[in-house]
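Presented below is the structure to which this report refers.
Residue numbering restarts at 1 for every chain, and letters A, B, ... go by the order of the sequence lines. Being a predicted model, the structure only gives us computed values, none of them experimental.
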Protein chains: 2
Amino acid sequence: MGINSRFAVAVHILALLALEDRPLSSKYIAGSVNTNPVVIRRILSTLSKAGLIETQLGVDGGSTLARPAEKISLLEVYNVSEQGHLFALHSNQPNPLCPCGRNIQPTLLGVFKKAEAALESTLAEATIAEVVQDIVAQLQSQS
Amino acid sequence: MGINSRFAVAVHILALLALEDRPLSSKYIAGSVNTNPVVIRRILSTLSKAGLIETQLGVDGGSTLARPAEKISLLEVYNVSEQGHLFALHSNQPNPLCPCGRNIQPTLLGVFKKAEAALESTLAEATIAEVVQDIVAQLQSQS
DNA sequence: CAAATATGTAACAATAATAGTTACATATCA
DNA sequence: TGATATGTAACTATTATTGTTACATATTTG
């Protein structure tokens with residue numbers, strides 16, 4: 001499985017920044033995510049380089065959204081979080097002397113590309129603001 | 001990324017069985033895929049349990065498609081090859097005392113489910129027969 | 001200026017998944 | 001009976017992920 005939890009944590013971080021609407025430190029965020037602050041800082045660093053957040057050093061510093069949550073799509077967050085591709089080709093080059101081995105990879109790449117595009121188009125339609133709305137709706141049903 | 005090549009190899013195997021249209025041994029298939037026969041046998045075993053191929057022991061034995069290639073969708077192959085989910089939630093449970101931490105996971109699951117469904121619907125539309133057609137078309141442009 | 005607080009990143013360990021390999025029990029066919 | 005196949009256990013090497021400690025550097029406040 002092409003699984004890692006960085007995408008989930010990145011969405012969590014951005015939703016938390018949107019909800020609290022003030023600079024949050026990596027230590028504070030780590031308390032919500034339940035992990036080590038360095039894990040958070042690694043993700044914050046990539047979010048910052050991608051222009052999704054801004055960070056402020058020093059006392060009472062921390063990170064804030066660089067843009068309104070309505071303007072941050074989950075596809076952007078996904079692209080920052082997942083490097084490489086969802087699907088893998090063969091780990092060794094197939095046999096070039098075999099008609100199938102020689103031609104299977106371009107065919108597979110076409111299939112992979114189409115499937116990934118479909119996945120990404122659904123992520124492009126969702127935003128951090130919608131994630132926050134969903135969380136707020138759950139909170140209201142809990143009170 | 002948590003990527004594995006089993007899906008690529010499974011499609012390769014099934015396309016090869018369709019192309020050659022005779023029982024192929026794991027050793028022969030391994031020659032085309034360029035890997036160890038045991039790696040192939042592990043995948044053949046799951047394809048067999050899923051009813052996609054039939055295997056014959058003994059001299060001149062090997063595997064054949066259990067159904068015409070037109071009736072084997074790539075989604076079936078994908079479901080056999082990839083267990084678990086494409087996306088992962090947090091590796092530790094988020095803080096239940098935080099409003100965001102308490103509610104982010106159901107929200108994320110909704111996003112993941114939608115994205116995976118989109119990906120899977122593209123795989124449902126493609127078949128092993130189409131993969132074979134694509135390979136044959138490439139072969140013709142090579143002669 | 002000095003103390004407190006943050007980030008950013010290097011370095012390392014623990015864990016898990018993947019892929020490759022050897023070995024062998026079992027089944028089938030000629 | 002011998003040749004050939006599968007199916008699977010067991011082990012290794014490699015890699016990715018996550019968590020952790022440590023520390024240089026930047027910023028704000030008193």
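For A:S5, counting side-chain heavy atoms from C-beta on, the closest listed nucleotide (C:dG8, D:dG7, D:dT18) is D:dT18. Nearest to the side chain of A:R6, among C:dT7, D:dT6, D:dT18, sits D:dT18. Taking only side-chain atoms of A:S25, from C-beta outward, the nucleotide of C:dT5, C:dC24, C:dA6 with the closest atom is C:dA6. Counting only heavy atoms from C-beta on, A:L57 has its side chain closest to C:dA6 among C:dA19, C:dA23, C:dA6. For B:N4, counting side-chain heavy atoms from C-beta on, the closest listed nucleotide (D:dT18, D:dT27, C:dA19) is C:dA19.
Within a 6.0 Å radius of CG in B:N92, more than 12 heavy atoms belonging to other residues, nucleotides or ligands are found.
Counting only heavy atoms from C-beta outward, the side chains of B:I53 and B:S48 approach each other to under 4.5 Å.
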For nucleotides 9-15 of chain D, which of its nitrogen or oxygen atoms have a protein nitrogen or oxygen under 3.5 Å away, and what is each distance?
| from | atom 1 | to | atom 2 | distance (Å) |
| --- | --- | --- | --- | --- |
| D:dA10 | N6 | B:R42 | NH1 | 3.4 |

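Residue pairs that meet the ring-ring contact (aromatic ring centres under 6.0 Å, His included) test with at least one member in residues 29-58 of chain A, sequence neighbours left out, do not exist here.
Distances shorter than 4.0 Å separate some side-chain N or O of B:S26 from OP1 or OP2 on D:dT6.
If B:S91 and B:Q56 are placed on DNA chain D by their nearest nucleotide, the residue sitting closer to the 5' end is B:Q56. Taking the nucleotide of DNA chain C with the nearest heavy atom to each of A:V59 and B:V39, the more 5' of the two is matched to A:V59. Between B:G58 and A:K49, the residue anchored nearer the 5' end of DNA chain C, judged by the nucleotide with its closest heavy atom, is A:K49. Residue whose closest nucleotide on DNA chain D sits further toward the 5' end, between B:S48 and B:N92: B:S48.
To the nearest 0.5 Å, atom CD1 of residue B:I43 and atom OG of residue B:S63 are 12.0 Å apart. Atom CD of residue B:Q93 and atom CG of residue A:N34 lie 8.5 Å apart, to the nearest 0.5 angstrom. Between the OG1 atom in B:T107 and the CG atom in A:D134 there is a gap of 3.5 Å [rounded to 0.5 Å].
Connection of A:V132 to A:L74 is established within a shared hydrophobic cluster, with ILVMFWY side chains joined at heavy-atom distances below 4.5 Å, either directly or through further cluster members. Grouping the Ile, Leu, Val, Met, Phe, Trp and Tyr side chains by contacts below 4.5 angstrom, directly or via other members, places A:V80 with B:L86.
Here the C1' atom of nucleotide C:dA6 and the CG atom of A:L44 are 11 Å apart, to the nearest Å. Between A:I43 atom CD1 and D:dG19 atom C1' the separation is 12 Å, expressed in whole Å. In this structure, the CG atom of A:L24 is 17 Å from the P atom of C:dT5, given to the nearest Å. Look at NZ on A:K27: it is 14 Å from P on C:dA4, rounded to the nearest Å. Straight-line distance from the CG atom of A:L47 to the C1' atom of C:dG8: 14 Å, rounded to whole Å. Atom-to-atom, CZ of B:R41 to C1' of C:dA25 comes out at 12 Å; the value is rounded to the nearest Å. To the nearest angstrom, C1' of D:dA16 lies 17 Å from NE2 of A:H85. The separation between A:E54 atom CD and D:dT27 atom P is 14 Å, rounded to whole Å.
Within residues 28-37 of chain B, the residues that place at least one heavy atom under 4.0 Å from DNA chain C are, in residue-number order, B:T35, B:N36.
A:S63 comes within contact range of no nucleotide atom at all, as no heavy-atom separation falls under 4.0 Å.
Ring geometry for B:F7 against A:F87 counts as tilted: the plane angle lies between 30° and 60°, on a 0 to 90° scale.
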- side-chain contact (heavy atoms from CB on, under 4.5 Å) between A:E76 and A:L52, intermediate numbers included: CA-CA 9 Å; A:E76 284 182 276; A:L52 299 183; 3.7 Å; yes
